[in-house]
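Worksheet for the structure shown next.
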Amino acid sequence: MPTIFTHAAPALAMGVGLGKTVLSRRLFYFAVVCAVLPDLDVVGFRLGVSYGDILGHRGVSHSLALALGMGLFAACISPLLRCRAVAAFLVASFAVVSHIVLDAMTSGGLGVAAFWPLDDTRYFLPWRPIRVSPFDPKAFLGARGLAVLKSELLWVWLPCAAGAFALWLARKAKATSRR
Ligand SMILES: [Zn+2]
């Protein structure tokens, strides 16, 4: 996995790029939670669930079915999130999908069970430039940690910042043309 902070990057980019009028503050926080949520499955390691098990890391929790489920859940609680149901569905689903895609672009571990329950196979994307993050935080203190952070900056944070800036520019241009 990329680090937990980096998984939040696409949701942060959406928040900055779309602004408060499209993305309510509550929906924004919910999106950040959705973007990091799949990695709660690491709790399974402590409970004796093996990595390769479908309930293990990058299994069920990293499926498009979960993305759909979180989108539907967000749509159901959209009044609480102070946004339209469609916006809640799209933003929450996108946040989970971003997590799945980023994990599928990492250089190690097992792939993601993106198509569960139709298919238990673990998949990676053909292009995997993101260095996989170690599970042990101590492993970050050193060259490996630096290499992980460098690859995340280059392949996640930079594109997210560019995307947020492009959305922000488009939003400003639209607001100017209305005046
Ligand atoms: Zn993950």
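Indexing begins at 1, ligand by ligand and atom by atom, following the structure's order.
- Residue His7 does not count as close to the Zn ion (ligand 1), with no N, O or S atom under 2.8 Å.
- A tilted orientation is assigned to the rings of His57 and Phe45, their planes being inclined by 30° to 60°.
- Rounding to 10°, one obtains 160° for the angle at the Zn ion (ligand 1) between OD2 (Asp103) and OD1 (Asp39).
- Here His7 contributes atom NE2 and Thr3 contributes atom OG1; the two are 7.5 Å apart, rounded to the nearest 0.5 Å.
- At the Zn ion (ligand 1), the angle from NE2 in His99 to NE2 in His62 is 90° when rounded to 10°.
- Between His62 and His99, the two ring planes are perpendicular [angle over 60°; tilted spans 30° to 60°].
- Counting only N and O atoms by type, the side chains of Thr106 and Arg58 include a donor and acceptor under 3.5 Å apart.
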